[in-house]
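Predicted model only: the values in this text are computed from it and were never measured.
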Amino acid sequence: MSSHIRRSMPLFPIGIVMQLTGLSARQIRYYEEHGLVSPARTEGNRRLFSFNDIDRLLEIKDLIEQGVNLAGIKQIFASRKQAEQPEQPKQPNKSNTPATPKVVKQDLSEEELRELLRTELMQAGRFNRATLRQGDMARFFH
DNA sequence: ATTCTAACA
DNA sequence: TGTTAGCA
């Protein structure tokens with residue numbers, strides 16, 4: 001069984017996640033409201049988190065502690081998603097239009113990822129400065 | 001006993 | 001964010 005399936009399996013209720021992450025239920029639910037995590041739900045509407053969700057929450061916690069606000073975290077996750085699938089294929093281009101040779105990068109080296117992140121954060125700093133950095137973003141440019 | 005949503009001293 | 005109220 002592939003690991004990504006196990007990691008995405010809905011397993012733990014919020015109480016366990018609180019202990020595992022050190023986050024309050026309020027925070028966990030709040031991050032969900034902002035789309036940072038999307039735990040599954042039971043029939044009774046109880047949240048069930050997967051290992052992926054927990055990793056995600058730990059990452060969020062880390063970023064929060066470093067002074068990044070939700071807007072910044074959203075952007076970081078966004079640029080990351082972009083790195084995975086730069087573009088989603090449209091309807092199976094059947095007719096004539098010769099599809100643009102989109103070079104899809106499946107894997108990004110850590111350096112490329114850093115560069116991508118740096119660029120992303122700098123653009124944000126261009127106009128979203130006050131919004132993005134509450135603390136010192138310098139840590140991200142190491 | 002736990003979790004959920006909504007609301008606010 | 002914490003906390004509390006009122007449900008399920």
Side-chain angles (χ1 to χ4, degrees), chain A residues 1-95 97 99-142:
Chain A
M1 189 180 282
S2 36
S3 65
H4 54 287
I5 286 183
R6 277 174 296 183
R7 282 173 3 217
S8 61
M9 191 165 6
L11 299 171
F12 337 84
I14 200 168
I16 299 298
V17 180
M18 287 173 69
Q19 303 182 69
L20 261 34
T21 64
L23 291 168
S24 67
R26 179 77 168 81
Q27 291 177 299
I28 297 172
R29 295 180 184 126
Y30 185 65
Y31 301 151
E32 179 190 20
E33 279 189 78
H34 287 264
L36 268 37
V37 287
S38 302
R41 295 285 182 136
T42 65
E43 293 181 14
N45 196 40
R46 264 73 207 287
R47 270 167 271 252
L48 280 188
F49 300 79
S50 66
F51 280 109
N52 275 164
D53 292 326
I54 292 176
D55 286 343
R56 189 105 161 170
L57 286 169
L58 287 172
E59 213 176 330
I60 293 170
K61 182 188 181 186
D62 200 85
L63 291 168
I64 290 292
E65 293 176 332
Q66 296 190 330
V68 185
N69 61 192
L70 295 197
I73 296 176
K74 283 182 183 178
Q75 290 182 51
I76 290 174
F77 286 169
S79 59
R80 220 176 255 183
K81 193 161 196 172
Q82 223 179 287
E84 295 170 4
Q85 303 182 337
E87 205 159 291
Q88 194 60 152
K90 313 166 173 54
Q91 277 138 43
N93 181 30
K94 39 188 150 188
S95 52
T97 40
T100 309
K102 292 289 182 182
V103 179
V104 179
K105 280 206 169 185
Q106 274 293 55
D107 301 287
L108 288 177
S109 69
E110 287 193 36
E111 282 207 68
E112 288 176 304
L113 187 56
R114 279 172 186 271
E115 173 57 26
L116 186 67
L117 246 164
R118 189 185 67 73
T119 301
E120 176 60 52
L121 292 175
M122 287 197 83
Q123 288 187 316
R126 270 283 157 232
F127 43 93
N128 226 19
R129 190 177 300 284
T131 309
L132 229 180
R133 71 169 74 179
Q134 298 187 321
D136 188 13
M137 295 293 293
R139 304 173 190 290
F140 282 97
F141 300 85
H142 286 173

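- Following rounding to the nearest Å, A/R26 (CZ) and B/dT3 (P) show an atom-to-atom distance of 17 Å.
- The stretch residues 37-49 of chain A touches DNA chain C through A/R46, each having a heavy atom under 4.0 angstrom from the strand.
- Side-chain atoms of A/S2 never come within 3.5 Å of backbone atoms of A/H4 as a donor-acceptor pair (strictly under, hydrogens ignored).
- A heavy atom closer than 4.0 Å to some atom of DNA chain B occurs in A/P13, A/I14, A/G15, these being the qualifying members of residues 13-21 of chain A.
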_Chi angles and distances behind the side-chain contact (heavy atoms from CB on, under 4.5 Å) call for A/L20, A/L57_ = CA-CA 10 Å; A/L20 261 34; A/L57 286 169; over 6 Å; no
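- Looking at heavy atoms from C-beta onward, A/D62 lies out of side-chain contact with A/V68 at the 4.5 angstrom threshold.
- Residue pairs satisfying the ring-ring contact (aromatic ring centres under 6.0 Å, His included) criterion with at least one member in residues 37-81 of chain A, sequence neighbours excluded, are listed as follows: A/F12-A/F51.
- Counting heavy atoms from C-beta on, the side chains of A/V17 and A/D53 never come closer than 4.5 Å.
- Using a distance-only test at 3.5 Å, with no hydrogens or angles considered, no donor-acceptor pair links the side chain of A/K61 to the main chain of A/G22.
- Listed for the A/Q27 side chain is a donor-acceptor partner under 3.5 Å among the backbone atoms of A/S24.
- By the 4.5 Å heavy-atom criterion applied to side chains, A/K74 and A/L36 are counted as neighbours.
- Per the geometry, CZ belonging to A/R29 stands 7 Å off P belonging to B/dT5, to the nearest Å.
- Using a 4.5 Å heavy-atom cutoff, the side chains of A/L11 and A/L48 are not in contact.
- Along DNA chain C, read 5' to 3', the first and last nucleotides having any atom under 4.0 Å from a heavy atom of chain A are C/dT1 to C/dA8.
- With salt bridges taken as basic N to acidic carboxylate O contacts below 4.0 Å, one links A/R41 and A/E32.
- Here the side chains of A/I60 and A/V37 are in contact, with some heavy-atom distance below 4.5 Å.
- Checked against side-chain contact (heavy atoms from CB on, under 4.5 Å), A/S38 has no partners two or more places apart in sequence or in another chain.
- For the pair A/R80 and A/E59, the salt-bridge criterion is met [side-chain N within less than 4.0 Å of a carboxylate O].
- With a cut-off of 3.5 Å on both pairing distances, the Watson-Crick and G-U wobble pairs of DNA chain B assemble into stems of 3 or more at B:4-8 with C:2-6.
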